[in-house]
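Have a look at the structure below before the remarks.
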Amino acid sequence: LARLMGDLVVFQEKGIYRLSVPSADPTTWSLSESEPNLGCVSPNSIAESENGVFFAGRDHIYHLNSNFQAIPVTRTIRDTYQAISNLENTRLHVDPKKERLLCRFGDTVATTYVLDLKSLGTQEVWSKMDNSLSKNAHLFLTDENFKTHTVEAGATSYLCELEPSSQSEAPTFK
């Protein structure tokens with residue numbers, strides 16, 4: 001589930017639905033479908049941003065915009081994305097401070113793909129971060145100061161800031 005322009009978006013593997021319930025008269029609710037053969041393969045990939053909702057489909061990462069159109073955002077890295085196994089484990093996270101989408105495709109935890117959201121309307125700008133030298137990115141989270149952190153899960157979990165500005169600002173919490 002996600003919110004989009006005050007409506008509820010319901011994701012299924014083979015369908016995306018928008019439930020609109022007007023506050024003036026809830027009995028006049030309506031249900032519409034985006035595209036019948038398009039769906040979400042990973043519940044952990046649903047990430048809301050101020051301009052829409054991102055989610056992982058079978059063939060692309062999609063951006064569901066305010067017009068309820070699902071637009072693929074992995075066209076420039078399509079071969080990389082489609083070569084990933086276990087897409088069900090894909091995780092997406094919106095970094096609001098740096099205006100970017102952090103993507104962990106499948107079971108890959110040593111590499112984070114980053115989509116620049118500032119340029120999304122005109123072009124896709126992807127970059128890649130190598131996490132193998134620090135802590136692997138099993139999860140992402142943003143704190144109350146809008147700093148984004150990675151969580152390495154395992155027998156012992158670690159929390160560390162993603163891209164700190166200096167080594168002294170890079171605490172790793174066990």
Side-chain angles (χ1 to χ4, degrees), residues 1-5 7 9-13 16 18 34-35 37-153 159-165 170:
L1 299 175
R3 288 179 309 178
L4 181 65
M5 305 295 291
D7 293 338
V9 181
V10 180
F11 291 92
Q12 294 183 329
E13 280 190 50
I16 303 167
R18 182 179 199 167
S34 172
E35 295 185 33
N37 297 319
L38 183 64
C40 178
V41 295
S42 173
N44 292 318
S45 72
I46 300 168
E48 295 178 22
S49 75
E50 60 184 51
N51 297 325
V53 180
F54 293 93
F55 66 95
R58 282 265 166 240
D59 54 348
H60 285 287
I61 298 290
Y62 288 94
H63 177 243
L64 194 62
N65 65 19
S66 58
N67 294 327
F68 206 54
Q69 296 171 313
I71 300 166
V73 296
T74 48
R75 287 178 286 227
T76 57
I77 60 166
R78 183 184 72 201
D79 293 341
T80 301
Y81 181 75
Q82 291 179 357
I84 299 294
S85 60
N86 296 328
L87 285 174
E88 307 80 39
N89 295 332
T90 296
R91 291 185 179 273
L92 306 179
H93 181 81
V94 174
D95 181 348
K97 189 172 187 175
K98 295 188 178 178
E99 297 183 57
R100 60 188 181 173
L101 180 69
L102 304 170
C103 306
R104 193 199 86 190
F105 297 152
D107 293 326
T108 306
V109 294
T111 303
T112 301
Y113 288 86
V114 181
L115 175 64
D116 181 7
L117 297 179
K118 293 178 288 236
S119 64
L120 188 58
T122 57
Q123 61 181 332
E124 289 176 26
V125 177
W126 284 94
S127 58
K128 192 162 82 167
M129 291 191 310
D130 183 6
N131 303 329
S132 62
L133 299 176
S134 59
K135 301 295 178 205
N136 292 325
H138 289 95
L139 304 169
F140 302 102
L141 63 95
T142 301
D143 66 14
E144 66 277 3
N145 297 319
F146 297 105
K147 290 184 181 176
T148 300
H149 302 271
T150 61
V151 178
E152 180 181 39
L159 172 72
C160 48
E161 187 175 343
L162 186 66
E163 296 179 324
S165 55

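Count residues from 1 along the sequence.
Residues F55 and V9 fail the side-chain proximity criterion, which asks for heavy atoms closer than 4.5 Å. Looking at L87 and Y81, their side chains come closer than 4.5 Å, going by heavy atoms from C-beta outward. Contact of the M129 side chain with the V114 side chain is registered, since non-hydrogen atoms from C-beta on lie closer than 4.5 Å. A heavy-atom distance below 4.5 Å is not found between the side chains of T76 and Q123.
The nearest pair of heavy atoms linking D59 to R78 is O-CG, 4.5 Å. Among all heavy-atom pairs drawn from Y62 and P72, the shortest one is CD2-N, 3.5 Å. For S49 against V94, the heavy-atom pair with the smallest separation is CB-CG2, 4.1 Å. The minimum heavy-atom distance linking V41 with G57 is given by the pair CG2-O, 3.8 Å. Minimum interatomic distance between G52 and L4 (heavy atoms only, all atoms of both residues): CA-CD1, 3.7 Å.
How far OH of Y113 is from CD1 of I84: 6.0 Å, rounded to the nearest 0.5 Å. To the nearest 0.5 Å, atoms CG (L117) and OG (S119) are separated by 8.0 Å. To the nearest 0.5 Å, atoms NE2 (H93) and OG (S45) are separated by 14.0 Å. To the nearest 0.5 Å, the span separating NZ on K128 from SG on C103 amounts to 13.5 Å. In this structure, the separation between CG on D95 and OG1 on T112 is 11.5 Å, given to the nearest 0.5 Å. Rounding to the nearest 0.5 angstrom, the gap separating the CZ atom in F140 from the CG atom in L102 is 5.0 Å.
Heavy-atom neighbours of D143 CG from other residues, nucleotides or ligands within 6.0 Å: above the threshold of 12.
With sequence neighbours excluded, the residues satisfying side-chain contact (heavy atoms from CB on, under 4.5 Å) with N65 are H63, N67, Q69, I71. Partners of D7 according to the side-chain hydrogen bond (donor to acceptor under 3.5 Å, both in side chains) rule, which considers only residues two or more places apart in sequence or in another chain, are R18, S20.
When atom types are taken as modelled, the side chain of E48 and the backbone of A2 share no donor-acceptor pair closer than 3.5 angstrom. A donor-acceptor pair is defined here as one N or O able to donate and one able to accept, closer than 3.5 Å; such a pair exists between the side chain of T90 and the backbone of G106. Although no hydrogens or angles enter the test, the distance criterion places a donor-acceptor pair under 3.5 Å between the side chain of D116 and the main chain of K118. Put simply, the side chain of R104 gets close to the backbone of N89: a donor and an acceptor are under 3.5 Å apart. Side-chain atoms of T74 come within 3.5 Å of backbone atoms of I61 as a donor-acceptor pair (strictly under, hydrogens ignored).
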Original post:
Would L1 and V10 satisfy side-chain contact (heavy atoms from CB on, under 4.5 Å), going step by step from the backbone distance to the final call?
Top reply: CA-CA 5 Å; L1 299 175; V10 180; 3.8 Å; yes
**OP:** Evaluate the side-chain contact (heavy atoms from CB on, under 4.5 Å) criterion for residues V53 and F11: first the C-alpha distance (whole Å), next the side-chain angles of each, then the deciding distance (0.1 Å), finally the verdict.
**Re:** CA-CA 11 Å; V53 180; F11 291 92; 3.8 Å; yes
